[in-house]
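Let me begin by presenting the structure, written as structure tokens, before commenting on it.
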Amino acid sequence: MTSPAHDLGTRATEQSASATECQFWLNEWISPGSPAGQILARIRVQGPVRAAALDEALRAVVRRHEALRTRFLMRGERLVRDVLPEPVAEAVLRLAEGAGFREAASALLLHGCFDLAAGRVFRIGVAPDDEGATVYVAVHHIAFDGISQEIFAADLAQAYAQAVEGVTMPLPVRRRAQPAALAPGRHAELVAHWRALLEGAAPLPAHGTGPTQRELAEAELAERRSVLASTTWRAVGERAQGVACSPFSVLMAAYAAALGELSGGTDFCVGIPVATRTAGQSHEIGCLINMVPVRMPDLSEEGVVERVAQAVRSSIIGMELPGTDIIRSGKADSGHRMPLYQALFAFEGWQRASHTVAGVTFQAVAVPPVGGLAEVCLQVCQGSDGTLDCLAQAPLSSPWADRLSDLLEAFETRLDRLLHHTIRPPSSVQEATA
């Protein structure tokens, strides 16, 4: 990335950047090319795909979404986003036949491939195979989140149908919403809420010197994966329904208990991504999330799901406050480590829609983070068959890098106890190091 840019003029297309965009911009400036600011989306295209029509459809989708043709500039002390008339992009890269996620990441996520000041925020590669193709969209996190992948897949199917039929009318542009500003009174209320909620919270024990934020951002990742049977997912839903909470809280309770068991920590926080999309942004590609800490209550098993659910609700109440302001409100003192929370939990529990047009089916596929977002992270995704794909990650510089198998085992054991299972179908645990 280039250094902070200052243009002399202003444009009618400029808007103030959101708090989340400001944070990703700052992270990119501090650590250019960090994998923590990158996403590699994956869309499966199943069927006899026409390569030329797919290329045309991809061009139509990136033109449609302003987030994919936005540059970020400094105006004095203010970061603004400037929507360009055309995306800054290179031709679609032809990947090796059958190229997988890691091969695509190596080909697309090159150091210096993104330039936020120029509006170069994505690259696209296509890997053909005997049954169709896989589209990989390498994109800077400032312009993309998990739901954006679903929106991209749906729009790609629509654009492909038009390309096959010879329709030349472009897809209607998805305008970006102006970031909402908090009223001073509401801002003060939220700051007070977070100060009270986070007072005295402890960091997660590191068992040694925890890595710096820069080390986390730049380190390669260690990974372990396990798959839980569909019967477990059904039991999670039943447990949640029984205590009037979401499945998220059941899974998070098991994860937090596992962290506490392995680290000896209590009263720590776990970070969670929360969608900030409004009703008018349901089809807008962009980074529309906020990271909020959830302070863990007593994690002893009796009533833990209910207590964790209440803790989640207490954090959701304050989600309007930008993450950087939450950190300031918490007066975190974790030294050189990540402030407030050192562990993350993400759950993708939505059903991934499939879109069939012209004999070809388009569907977004769950993807892992490509960079370290915390000292340890657990991502749980619901599969189309009802299984739960559990991915534990830690940067190689983190003390958790060698404990991921233990973490998954402890998570599954704690989850079994919460669900009152006496027998659990075995899961497969696999290792992969980026």
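The shown structure was predicted, so the numbers you read here are calculated from the model rather than taken from an experiment.
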Query raised in the report: Would a distance-only check, ignoring hydrogens and angles, find a side-chain to backbone donor-acceptor pair under 3.5 Å from T413 to A410?
Result: no
Report summary line: So CG of L340 and CZ of F268: to nearest 0.5 Å the spacing works out to 14.0 Å
Query raised in the report: Side chains of V45 and V135: does their closest heavy-atom pair fall under 4.5 Å?
Result: yes
Requested in this report: Please list all pairs passing the salt bridge (charged side-chain N to carboxylate O under 4.0 Å, His left out) test where one or both residues lie in residues 179-194, with sequence neighbours left out.
Outcome: R186-E189, R186-E320
Requested in this report: Taking the side chain as every heavy atom from C-beta outward, state whether S315 and W194 have any pair of such atoms under 4.5 Å apart.
Outcome: yes
Query raised in the report: Could you go step by step and tell me if R59 and E86 meet the side-chain contact (heavy atoms from CB on, under 4.5 Å) rule?
Result: CA-CA 10 Å; R59 289 191 292 270; E86 290 289 333; over 6 Å; no
**Report entry** Shortest non-hydrogen contact from I272 toward L344
**Finding:** N-CD2, 4.3 Å
Report task. May I ask you to test the I124-V62 pair for a side-chain heavy-atom distance under 4.5 Å? Result -> yes
Requested in this report: Identify whether the distance between the nearest side-chain nitrogen and carboxylate oxygen of R277 and E150 falls below 4.0 Å.
Outcome: no
Report task. State, to 0.1 Å, how close N290 and G323 come at their nearest heavy-atom pair, and which atoms those are. Result -> OD1-N, 3.2 Å
**Report entry** Contacts of H283 that satisfy side-chain hydrogen bond (donor to acceptor under 3.5 Å, both in side chains) - sequence neighbours left out
**Finding:** none
Report task. Could you list the residues that satisfy salt bridge (charged side-chain N to carboxylate O under 4.0 Å, His left out) with R78, not counting sequence neighbours? Result -> none
Query - ring-ring contact (aromatic ring centres under 6.0 Å, His included) involving F122 - partner list, sequence neighbours excluded - result: none
Query raised in the report: Sequence neighbours excluded, which residues qualify as salt bridge (charged side-chain N to carboxylate O under 4.0 Å, His left out) partners of E90?
Result: R123
Requested in this report: Might you work through the side-chain hydrogen bond (donor to acceptor under 3.5 Å, both in side chains) test for R313 and Q310, ending with a clear yes or no?
Outcome: CA-CA 5 Å; R313 285 192 287 269; Q310 180 56 48; 3.2 Å; yes
**Report entry** Contacts of R50 that satisfy salt bridge (charged side-chain N to carboxylate O under 4.0 Å, His left out) - sequence neighbours left out
**Finding:** none
Report task. Please list, chain by chain and in numerical order, all residues satisfying side-chain hydrogen bond (donor to acceptor under 3.5 Å, both in side chains) with Q382, sequence neighbours excluded. Result -> none
Query raised in the report: Is any side-chain heavy atom of Q158 less than 4.5 Å from a side-chain heavy atom of H355?
Result: no
Query raised in the report: Does a salt bridge link E66 with R174, judged by any charged N lying under 4.0 Å from a carboxylate O?
Result: no
Requested in this report: Using the six-membered ring wherever Trp is involved, compare the ring planes of F248 and F347 and label them parallel, tilted or perpendicular (cut-offs 30° and 60°).
Outcome: tilted
Query - Side-chain heavy-atom pair P297, V308 within 4.5 angstrom cut-off - result: yes
**Report entry** Side-chain donor/acceptor of S106 to backbone N/O of R102, under 3.5 Å
**Finding:** yes
Query raised in the report: SG/C269 to CG/L204 distance, rounded to the nearest 0.5 angstrom?
Result: 10.0 Å
Report task. Considering non-hydrogen atoms only, spot the tightest contact between H111 and P32 and give its length. Result -> CE1-O, 3.3 Å
Report task. Evaluate side-chain contact (heavy atoms from CB on, under 4.5 Å) for F152 paired with L58, printing each intermediate quantity in order. Result -> CA-CA 9 Å; F152 196 104; L58 287 165; 3.9 Å; yes
Query raised in the report: Among pairs that include at least one residue of residues 124-144, which meet salt bridge (charged side-chain N to carboxylate O under 4.0 Å, His left out), considering only residues two or more places apart or in two chains?
Result: R44-D129
Query raised in the report: What residue pairs, at least two apart or across chains, pass salt bridge (charged side-chain N to carboxylate O under 4.0 Å, His left out) with a residue in residues 248-274?
Result: E261-R414, D267-R295
**Report entry** Stepwise side-chain contact (heavy atoms from CB on, under 4.5 Å) check, T134 with R42
**Finding:** CA-CA 7 Å; T134 301; R42 178 169 53 181; 3.5 Å; yes
Query raised in the report: Quick check: does any side chain N or O of E103 sit under 3.5 Å from a backbone N or O of G100, one acting as donor and the other as acceptor?
Result: yes
**Report entry** From Q23 atom CD to T20 atom OG1, the distance as rounded to the nearest 0.5 Å
**Finding:** 8.5 Å
Report task. Provide the closest heavy-atom pair for P87 versus R63 in the form atom of the first, atom of the second, distance. Result -> CD-CG, 4.0 Å
Report task. Look only at the side chain of S148 and the backbone of G286, and say whether a donor-acceptor pair between them is shorter than 3.5 Å. Result -> yes
Requested in this report: Using a 4.5 Å cut-off on heavy atoms from C-beta on, say whether the side chain of P203 contacts that of Q342.
Outcome: yes
Query raised in the report: For the atom pair CZ (R81) and CH2 (W25), what is the distance rounded to the nearest 0.5 Å?
Result: 15.5 Å
Query raised in the report: Can you name the one residue among H140, H141, Q38 that meets side chain to side chain donor-acceptor pair (under 3.5 Å) with E28?
Result: H140
Query raised in the report: What pair of heavy atoms forms the shortest contact from P48 to Y160, and how long is it?
Result: O-OH, 4.1 Å
Requested in this report: Apply side-chain contact (heavy atoms from CB on, under 4.5 Å) to R75 and E14, showing your working.
Outcome: CA-CA 10 Å; R75 299 295 189 200; E14 290 182 359; 2.3 Å; yes
**Report entry** Side-chain touch L415/L228, heavy atoms, less than 4.5 angstrom
**Finding:** yes
Requested in this report: Ignoring hydrogens and angles, tell me if any N or O in the side chain of T361 forms a donor-acceptor pair with the backbone of T356 under 3.5 Å.
Outcome: no
Report summary line: Scanning both residues in full, the closest heavy-atom pair of G146 with W350 reads O-CZ2, 4.2 Å
Do any side-chain atoms of residues 365-380 form donor-acceptor pairs under 3.5 angstrom with protein atoms, and if so which ones, sequence neighbours left out?
residue	atom	partner	partner atom	Å
E375	OE1	R337	NH2	2.9
E375	OE2	R337	NE	2.8
E375	OE2	R337	NH2	3.2
Q379	NE2	V367	O	3.2

Report task. Let me see the working for E412 and R224 under salt bridge (Lys or Arg N to Asp or Glu O under 4.0 Å), right down to the final yes or no. Result -> CA-CA 13 Å; E412 295 175 22; R224 299 289 191 279; over 6 Å; no
**Report entry** Side chain to side chain, V270 and L259, heavy atoms closer than 4.5 Å
**Finding:** yes
Query - Within residues 379-401 or reaching into it, pairs that qualify as salt bridge (charged side-chain N to carboxylate O under 4.0 Å, His left out) - sequence neighbours excluded - result: R225-D389
Report summary line: The single option from Q15, R69, R71 that satisfies side chain to side chain donor-acceptor pair (under 3.5 Å) with D82 is R71
Report task. Please name all residues satisfying salt bridge (charged side-chain N to carboxylate O under 4.0 Å, His left out) with R64, sequence neighbours left out, ordered by chain then number. Result -> D155
Query raised in the report: From L171 CG over to H65 NE2, what is the distance, rounded to the nearest 0.5 angstrom?
Result: 8.0 Å
